[in-house]
Amino acid sequence: MKVLVVGNGAREHAITWKLSQSPSDPTLFVAPGNAGTAEIAENVQIGAEDIESLVHYAKSNDIDLTVVGPEMPLAAGIVDRFDEAGLPVFGPTQRAARIESSKIFAKEIMESAGVPTAASKHFDNTADALNYIELAEPPYVVKADGLAAGKGVIMAPERADAITAIQDVMDHKIFGDSGSTILIEEWMTGPEVSVFAFVDGEYVSPMVAACDYKQIGDGDTGPNTGGMGSYSPPPFWNDALDDEVRRSIVEPVAKELSRVGSPYSGVLYAGLMLTDSGPKVIEFNCRLGDPETQVILPRLESDLLEIVHRAALSELEQTEIVWNDLACVGVVSASGGYPETHRTGFEITGLDAIDPSATVFHAGTQPTESTNPVTSGGRVLTVTGTGKTLAEATAAAYDNTARIAFDGRYHRTDIAANL
Ligand code: AMP
Ligand code: GLY
C-alpha cells in the first residue's frame, strides 16, 4: 500500500513512524516532511496547504491512502477534494472540520447536543461586544471565531482587559479575518486535558488522554507556543472519567454532527477543563494534537494503518483499537528565542546517541548532504521517553534530550514534573 502523510511537524513524523510499524509494510510518502520523516519515508516537496498539487500527486503516483495531519488543509476542504477525485483519505470533510474552524459552529453543536461547555455569546461588531462587557461581570475570555494557529484566545481578568482585547481582535485585526466574529466566554478553572478518539459517523473508538504545555517558560510563564511538551496518561484519568467524557461529550457531539448532515470521520480531539461541576469543553479540534501525538501513538497497541484505512472506508467499527498502559513523556527542543524571532540552520548532533527508552520526532529539521540535519524552525524536535511510570518516562525523555545539541537549543525543564 502506498500511503501519503500530509504535514511537516513532529505530529506527522510520529504518524509516519507508527504507520511504518504496520504489518502491512506500507510504502510511505510525506508532504513536505522533515529530516526525520526522510529516514523512514520519501519526502515530497509539496506544502501541506497546496491541496490541488497534493490531489495531483496522489492521483499520478497511485497513492492508496492519504492521512492529513494539520487543521489548515482540513478546514480548507482537502478531504472533499480527495473524495471528489475518488482518492481514499483519512480526516473530516470541510463541513465536519467546522467543529474546529468555527468556534460558533462548535458551540451550536454542543448546545443542541446538551454538551457541557463554557457559557458564551458571539458578536460580529465591536459596539455590541463592548455593550455586553458593560453588563456581564468579569473575568472574561475573548476568542476569535476562526482558526488563529492556536493563538486566538485572550484571557481578560478585568473589564478594561476585555475592552482592549475586543478592540485588538475586531478593530485592529490582530488575528486577521479569523477575528471578524468573536466569542466572549465564561472563564472556567480546573485541570486541562486533551482527549482523543477515532470517530466514524456515530462510532467513537476507545479514547486516550494526554496533557500538553502551551507556554514557553517553566511554571507556565511567558507567551504561548505550538506546545513545549506533553505526557500521557494523566495521573487523574480513570475509567469513570473516561466513561463520563465519552457519554456526556464525545458521543453526543458525534451523533449531533451526523444529525445535522456533517458526519465526522477522523480523529476528534476534545480540549477539556475538569471544573468543580464536571468536565466541560474548552474547544474541539479536528485532528491529532501536537505535541500530544508524540506521547499517544507510542501507546497505540493496534495497527494505525488498519485504523486510518478502515476509517477512510467508513468501516472503522470493524477494527479493534487498543491503548496500552505505557507512560510517555514528550519534551520539545526549540530554537533559542522561539516563539519570537529565532535563528535556524544550526547542525543537530547527538541523534545517534539516543537509547531505546526514547524516540526522537523531528519538526523543524532539514536533511543535509552530510550526516547531521540542521534546524529549520521554531520547534525543532520532540524527544519522547517511555517507561512503566511517568517518572521513568520523564527521566528517559530528559536523559535523551540532554544528548542532543544545537546552537541555542531551549527546552522546558518541568514537563511532567510535580504531578
Ligand atoms: P483554545 O485555543 O480554545 O484551546 O484555548 C487556549 C487556552 O486558553 C486553553 O488551553 C485554556 O487554557 C484557555 N482557555 C480557553 N477558553 C477558556 C475558558 N473559557 N476558560 C478558561 N480558560 C480558557
Ligand atoms: N496541543 C494543542 C494542539 O494541537 O492544538
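Order of listing sets the numbers, starting from 1, for every ligand and every atom in it. Just so it is clear, the model here is predicted, and its values are computed rather than measured. Reckoned from all heavy atoms, side chains included, excluding hydrogens, waters and symmetry mates.
Of the candidates Asp212, Val153, Asn285, the one placing a heavy atom closest to atom 2 (O) of ligand 1 is Val153.
Residue Glu320 qualifies as open at atom CD: its count of foreign heavy atoms under 6.0 Å is 12 or below. Around the CD atom of Glu111, the shell of radius 6.0 Å holds no more than 12 heavy atoms that belong to other residues, nucleotides or ligands.
In this structure, Phe361 and His13 have perpendicular ring planes: the angle between them is above 60°, well past the 30° mark.
Within ligand 1, counting atoms from 1 as listed, the ones closer than 4.0 Å to a heavy atom of Ala118 are 19 (N). Proximity to Glu192 (heavy-atom distance under 4.0 Å) selects the following atoms of ligand 1: 9 (C), 10 (O), 11 (C), 12 (O). Counting the atoms of ligand 1 from 1 in the order shown, those under 4.0 Å from a heavy atom of Lys143 are 3 (O), 15 (C), 16 (N). If you number the atoms of ligand 1 from 1 as listed, the ones under 4.0 Å from a heavy atom of Lys103 come out as 3 (O). Remark: ligand 1 atoms within the under-4.0 Å shell around heavy atoms of Lys214 are 10 (O).
Considering backbone and side-chain N/O of Glu186, one or more are found under 3.5 Å from N/O of ligand 1. Annotation: Met188 places an N or O atom under 3.5 Å from an N or O atom of ligand 1; distance criterion only.
Ion pair Lys103/Glu185 not flagged as a salt bridge, since none of the NZ, NE, NH1 or NH2 atoms sits closer than 4.0 Å to an Asp/Glu carboxylate oxygen.
The distance from the CG atom of Asp128 to the CD1 atom of Ile184 is 10.0 Å, given to the nearest 0.5 Å.
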Less than 3.5 Å apart, which donor and acceptor atoms pair up between the side chains of residues 264-274 and the rest of the protein, not counting sequence neighbours?
from, atom 1, to, atom 2, distance (Å)
Tyr264, OH, Val267, O, 2.7
Tyr264, OH, Cys286, O, 3.1
Tyr269, OH, Glu292, OE2, 3.0

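Taking 4.5 Å as the limit, every side-chain heavy atom of Ile354 sits out of range of all side-chain heavy atoms of Thr359.
For His342 and Tyr410, the distance between ring centers is not under 6.0 angstrom. If you look at Trp187 and Tyr140, their ring centroids are not closer than 6.0 Å.
In this structure, a donor-acceptor pair under 3.5 Å is absent between the side chains of Arg343 and Ser335.
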Give every pair made of an N or O atom of ligand 2 and a protein N or O atom lying under 3.5 Å apart, one pair per line with both atom names and the distance to 0.1 Å, or write 'none'.
from, atom 1, to, atom 2, distance (Å)
ligand 2, 1 (N), Asp212, OD2, 2.8
ligand 2, 1 (N), Tyr269, OH, 3.4
ligand 2, 1 (N), Asp290, O, 3.1
ligand 2, 1 (N), Glu292, OE1, 2.7
ligand 2, 1 (N), Glu292, OE2, 3.1
ligand 2, 4 (O), Arg287, NH1, 3.0
ligand 2, 4 (O), Asp290, N, 3.0
ligand 2, 4 (O), Asp290, O, 3.4
ligand 2, 5 (O), Arg287, NH1, 3.4
ligand 2, 5 (O), Arg287, NH2, 2.9

